[in-house]
Engineer: 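So that we are looking at the same thing, I have put the structure below in structure tokens.
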Number of protein chains: 2
Amino acid sequence: MSLRIVIADDHRLLLEGLAQALGGLPDIEIVGTAEDGDQLVELVAETSPDVILVDIEMPRTTGIAALGRMEDGPPAIVVTMHADEEHKARAQAVGAVGFMSKAAPLPSLAAAIRAAAAGESLMGDDVESILDDHREPVLGEGAAALTAREKELLAMLASGVSSTEHLADQLFISQKTVKNHLASIYDKLGIADRAQAAVEAIRLGLHRSND
Amino acid sequence: MSLRIVIADDHRLLLEGLAQALGGLPDIEIVGTAEDGDQLVELVAETSPDVILVDIEMPRTTGIAALGRMEDGPPAIVVTMHADEEHKARAQAVGAVGFMSKAAPLPSLAAAIRAAAAGESLMGDDVESILDDHREPVLGEGAAALTAREKELLAMLASGVSSTEHLADQLFISQKTVKNHLASIYDKLGIADRAQAAVEAIRLGLHRSND
DNA sequence: TGGCAAATAGGTCGCTCGCCCCATAGCCAG
DNA sequence: CTGGCTATGGGGCGAGCGACCTATTTGCCA
């Protein structure tokens with residue numbers, strides 16, 4: 001279902017922060033993290049992720065060296081502080097499909113992951129347009145089938161509005177329509193009640209300012 | 001209720017990753033982020049946070065310079081790649097109460113935030129013991145009053161087990177006892193049903209392997 | 001233009017849920 | 001050793017909820 005990712009970086013605050021932030025996205029799952037190149041090679045062999053994120057500077061084996069050892073491994077995105085042409089060329093030489101500065105915004109990294117998983121290369125000139133094509137999270141399975149109104153309802157559930165009456169009032173529709181939408185949501189997500197719907201809503205990222 | 005934090009770092013991946021990860025903790029709330037020292041000074045003036053996290057290297061105004069401009073601002077923790085004595089001394093000189101490497105693990109940063117909010121200094125030698133005193137998240141208000149069994153029930157709700165029958169089966173108690181515990185939870189958290197309880201459970205961090 | 005999906009709304013039925021009453025056993029502090 | 005708190009259980013009541021069926025209007029797409 002969701003994209004299986006491993007991240008390697010020796011700065012644990014970045015490593016754990018990214019893991020948390022990316023793992024929170026509905027279509028991304030962190031299957032492991034590494035703090036040096038050796039751990040990364042081992043982890044990739046164990047977990048066969050869909051995409052790997054790797055820092056260049058790491059103790060013992062660098063990210064570049066680790067990628068060099070995994071010639072036909074999963075697509076790799078190099079994430080580094082040193083976003084210059086020289087480092088980019090070195091990343092490209094060892095087969096990285098993406099190259100991203102640590103100064104980039106998080107949604108761009110998420111888009112890069114989706115693009116890499118889809119087999120696109122981010123080494124060309126039109127990186128921005130490729131990223132733009134992958135900005136939206138790919139909601140899997142039944143979630144994709146949710147209508148806008150249903151997502152709106154889920155978002156309200158996720159924010160703690162649970163009674164039919166309050167939902168109806170805040171959406172300016174009758175209580176019956178609320179129940180109809182809920183029934184449709186239960187069906188599409190394969191769940192049975194509002195409590196499970198709230199859990200799913202949060203898991204799918206149907207929070208504030210949804211679409 | 002929860003600790004109000006601002007973070008300043010020009011590496012947006014770290015900035016947004018940390019914001020996400022720390023904001024996900026039940027007792028920490030991110031009220032703003034800045035990408036340089038000037039933004040930080042402005043943001044602190046606007047939001048009066050409880051603790052600020054600041055990087056040293058930032059464009060225009062560095063973290064050190066920004067701290068120098070906020071002599072009696074909130075307690076600040078300097079978070080940097082350069083975890084050496086020289087930088088630590090400079091941080092201390094401008095009034096930082098904490099100094100942490102970007103290679104530190106996330107729970108230590110969270111502990112440092114709690115310690116800083118409690119007025120402790122992390123510049124001495126016994127940093128580890130002070131951090132250990134603040135490892136546990138401070139669950140506010142009614143959440144603290146929850147019993148172990150009630151938290152267990154909430155954790156199950158958060159994982160999508162919502163019916164009285166399933167809850168009773170998995171906890172090896174009667175359905176009546178499940179209802180009694182739920183009623184107690186509703187009372188303590190000021191909520192009314194399982195959907196709201198699930199939302200609260202997730203917000204309070206009552207996920208896997210709870211206590 | 002004809003059909004399909006979505007959003008709106010109504011009704012009925014039966015089960016569950018939340019709320020009130022209660023009781024017993026264990027445990028710890030005063 | 002008595003009072004308070006927790007965990008466990010029971011009964012009953014009424015309201016809310018989820019399941020199933022039907023219907024109208026709108027808008028889009030073939």
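Nothing here was measured: the structure is a model prediction, and the numbers come from that model. Protein chains get the first letters and strands the later ones, always in sequence-line order, with residue 1 at the start of each.
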Engineer: How close or far is atom P of dC20(C) from atom NZ of Lys176(B), stated in whole angstroms?
Structural biologist: 12 Å
Engineer: Nearest to the Thr164(B) side chain among dC17(C), dT8(D), dG18(C), which nucleotide is it?
Structural biologist: dC17(C)
Engineer: Starting the side chain at C-beta, find the nucleotide from dG9(D), dC17(D), dC17(C) nearest to Lys179(B).
Structural biologist: dC17(C)
Engineer: May I ask you to decide whether Asp55(A) forms a salt bridge with Lys102(A), counting only side-chain N to carboxylate O separations under 4.0 Å?
Structural biologist: yes
Engineer: Check whether any side-chain nitrogen or oxygen of Tyr186(B) sits under 4.0 Å from OP1 or OP2 of dG18(C), and answer yes or no.
Structural biologist: yes
Engineer: Does dC17(C) have OP1 or OP2 under 4.0 Å away from a side-chain N or O of Arg194(B)?
Structural biologist: yes
Engineer: Hey, is Asp36(B) close enough to Arg60(B) for a salt bridge, meaning N to O under 4.0 Å?
Structural biologist: yes
Engineer: How many whole angstroms separate atom NZ of Lys151(B) from atom P of dA7(D)?
Structural biologist: 11 Å
Engineer: Measuring to OP1 and OP2 of dT8(C), would you say a side-chain N or O of His181(A) lies under 4.0 angstrom away?
Structural biologist: yes
Engineer: Mind calculating the distance between CZ (Arg149(B)) and P (dC27(C)) to the nearest angstrom?
Structural biologist: 16 Å
Engineer: Roughly how many Å is it from CG in Leu171(A) to C1' in dT8(C), rounded to a whole number?
Structural biologist: 12 Å
Engineer: Tell me the interatomic distance from Gln175(B), atom CD, to dG11(D), atom P, rounded to whole angstroms.
Structural biologist: 13 Å
Engineer: Between dG10(D), dT8(C), dG9(D), which one does the side chain of Thr177(B) approach most closely?
Structural biologist: dG9(D)
Engineer: Quick one: Glu150(B) CD to dT6(D) C1', roughly how many Å, whole number?
Structural biologist: 9 Å
Engineer: Is it true that a side-chain atom of Asp50(A) and a backbone atom of Leu3(A) form a donor plus acceptor pair closer than 3.5 Å?
Structural biologist: no
Engineer: Quick one: is Thr147(B) getting a side-chain N or O under 4.0 Å of the dA7(D) phosphate, OP1 or OP2?
Structural biologist: yes
Engineer: Quick check for you: among dT8(C), dT8(D), dG18(C), whose closest atom lies nearest to any side-chain atom of Asn180(A)?
Structural biologist: dT8(C)
Engineer: How long is the gap from CZ on Arg114(A) to CG on Leu109(A), to the nearest 0.5 Å?
Structural biologist: 9.5 Å
Engineer: Quickly work out the Leu157(B) CG to dC17(C) P distance and round it to whole Å.
Structural biologist: 11 Å
Engineer: Taking CG from Leu167(A) and C1' from dG16(D), how many angstroms apart are they, rounded to a whole number?
Structural biologist: 13 Å
Engineer: If only side-chain N and O atoms of Ser174(B) are considered, is one of them under 4.0 Å from the OP1 or OP2 phosphate oxygen of dT8(D)?
Structural biologist: no
Engineer: Between Thr164(A) and Arg194(A), do the side chains contain a donor N or O and an acceptor N or O under 3.5 Å apart?
Structural biologist: yes
Engineer: What's the closest nucleotide to the Ser163(A) side chain, out of dC17(D), dG9(D), dA9(C)?
Structural biologist: dC17(D)
